[in-house]
Amino acid sequence: KMLKDGSVLAIGPAPNSDDITLRFNTDRQDLRAVLVEVLTHESLPQGGPGRAGNGNMVLTAIDAVAVSTADPSQKQHIEFTWAWADIEQPNGDYAIVNALDGEDERGWAINAHEDRDDRVAMFLADTPFGYEGGTDLSVTLRFHSIYEQHSAGRLALHLGSTTDKAMANMPVAHSNWYIVGPFAANSGAEAYDTVFGPEVRGPLDFKASYHGDSWRHAPGVLEAETVVLAQGVGAEYVSRELCSPTPRQIKLSMGSDDGM
């Protein structure tokens with residue numbers, strides 16, 4: 001249901017999972033960003049913004065397609081490579097960058113079961129979009145988390161452009177930390193020298209499995225804090241995704257009271 005302020009309100013029974021597609025036309029070109037507002041409303045459970053009984057929601061993916069109004073044969077599947085949100089639910093793996101990978105296992109949650117308020121997220125495209133003569137844009141928000149009915153109850157979308165200078169000043173977005181292992185070894189030298197799998201060059205894949213073990217969210221791994229690893233001789237791996245809006249140098253610092 002379209003409201004007077006231009007936002008869209010979900011009505012009727014809430015499905016267990018949902019895909020919400022918003023379609024509109026714009027004459028703007030050189031667009032780079034989609035701003036998503038999830039908004040409260042008195043008709044939603046606990047006032048929303050989500051449709052779950054506690055007012056929460058989990059966004060698992062965002063997809064967008066731009067089609068030229070003048071020449072529909074021109075089509076661009078928009079890839080979002082950076083994201084920011086005004087809040088990320090702290091009691092689990094609910095970072096906004098989780099919505100970039102399109103996988104149902106991870107998502108962005110807004111902590112509405114404890115703090116019900118309007119929330120906002122911004123997604124940055126890897127290349128500009130928008131055609132001369134107009135663009136028909138479809139944006140699909142996917143809510144496929146393991147938690148049923150955790151879709152948005154009221155939404156508003158906005159399009160934006162930016163400059164290279166502004167993008168250079170945007171912070172690096174990142175996932176939470178993940179850990180896999182330990183992989184047992186007979187000696188420290190063996191643990192260092194053995195290729196257990198995660199260090200193989202290639203894209204980071206949190207769904208990958210190595211010798212029966214797989215990546216898992218590691219809430220105990222925190223910036224500038226001591227990380228307690230498994231006892232005994234072996235190897236463990238920690239990782240996180242970094243999403244930069246521009247090419248840049250990133251400094252990585254590590255310390256140890258033993259060996260690394």
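Computed from a predicted structure; not experimentally measured.
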Notebook entry, point to check: Ion pair present between K207 and E103, side-chain N to carboxylate O less than 4.0 angstrom?
Noted result: yes
Notebook entry, point to check: Is any NZ, NE, NH1 or NH2 atom of the basic residue among R240 and E223 found under 4.0 Å from an Asp or Glu carboxylate oxygen of the other?
Noted result: yes
Notebook entry, point to check: Looking only at heavy atoms, what is the nearest atom pair of T40 and R116, with distance?
Noted result: CG2-C, 4.5 Å
Margin query: Treating S209 as the side-chain partner and D213 as the backbone partner, does any N or O pair qualify as donor plus acceptor under 3.5 Å?
Written below: yes
Check: F24 and side-chain contact (heavy atoms from CB on, under 4.5 Å): which partner among D136, L137, T135?
Finding: L137
Margin query: Keeping W108 on the side-chain end and A85 on the backbone end, is there a donor-acceptor pair under 3.5 Å?
Written below: no
Notebook entry, point to check: Given the rule that I, L, V, M, F, W and Y join up when any side-chain heavy atoms are under 4.5 Å apart, are V120 and I62 in one cluster?
Noted result: no
Margin query: Can you confirm whether Q74 sits close enough to P72 that some side-chain heavy atom of one is under 4.5 Å from a side-chain heavy atom of the other?
Written below: no
Next item on the list: Consider only side-chain heavy atoms of I, L, V, M, F, W and Y, link residues closer than 4.5 Å, and tell whether V34 and W84 are in one cluster.
Entry: no
Item checked: Lys/Arg-Asp/Glu bridge criterion (N-O < 4.0 Å) met for R106, E241 -> yes
Notebook entry, point to check: Between the side chains of Q89 and N56, does any donor sit under 3.5 Å from an acceptor?
Noted result: yes
Check: What closest approach, in Å, do R28 and L159 show between heavy atoms, and which atom pair accounts for it?
Finding: NH1-O, 3.0 Å
Check: Between E88 (side chain) and I96 (backbone), is there a donor-acceptor pair under 3.5 Å?
Finding: yes
Check: According to a 4.5 Å side-chain heavy-atom criterion applied to Ile, Leu, Val, Met, Phe, Trp and Tyr, with indirect links allowed, do L155 and M2 form part of one hydrophobic cluster?
Finding: yes
Next item on the list: Consider only side-chain heavy atoms of I, L, V, M, F, W and Y, link residues closer than 4.5 Å, and tell whether L9 and L39 are in one cluster.
Entry: no
Checklist line | Other residues, nucleotides, ligands: >12 heavy atoms within 6.0 Å of F183 CZ | finding: yes
Please table the atom pairs, donor to acceptor, closer than 3.5 Å between any side-chain atom in residues 123-133 and protein atoms at least two apart or in another chain.
unit_1 : atom_1 : unit_2 : atom_2 : d
T127   : OG1    : Q76    : NE2    : 3.2
Y131   : OH     : K75    : N      : 3.4
Y131   : OH     : Q76    : N      : 3.4

Item checked: D5 with R154: basic N within carboxylate O range, under 4.0 Å -> yes
Check: Taking atom types as modelled and ignoring hydrogens, do the side chains of H150 and D18 form a donor-acceptor contact shorter than 3.5 angstrom?
Finding: no
Next item on the list: Identify the heavy atoms of A152 and V38 that sit nearest to each other, and give their distance.
Entry: CB-CG1, 4.1 Å
Note to self: Atom CZ of residue position R216 - does it have more than 12 heavy atoms of other residues, nucleotides or ligands inside 6.0 Å?
What the structure shows: yes
Next item on the list: Determine whether V139 and L59 fall in the same hydrophobic cluster, where Ile, Leu, Val, Met, Phe, Trp and Tyr are linked whenever their side-chain heavy atoms lie under 4.5 Å apart.
Entry: yes
Check: Any side-chain donor-acceptor pair under 3.5 Å between D63 and T140?
Finding: no
Check: Can you find a side-chain donor-acceptor pair between T246 and D164 that sits under 3.5 Å?
Finding: no
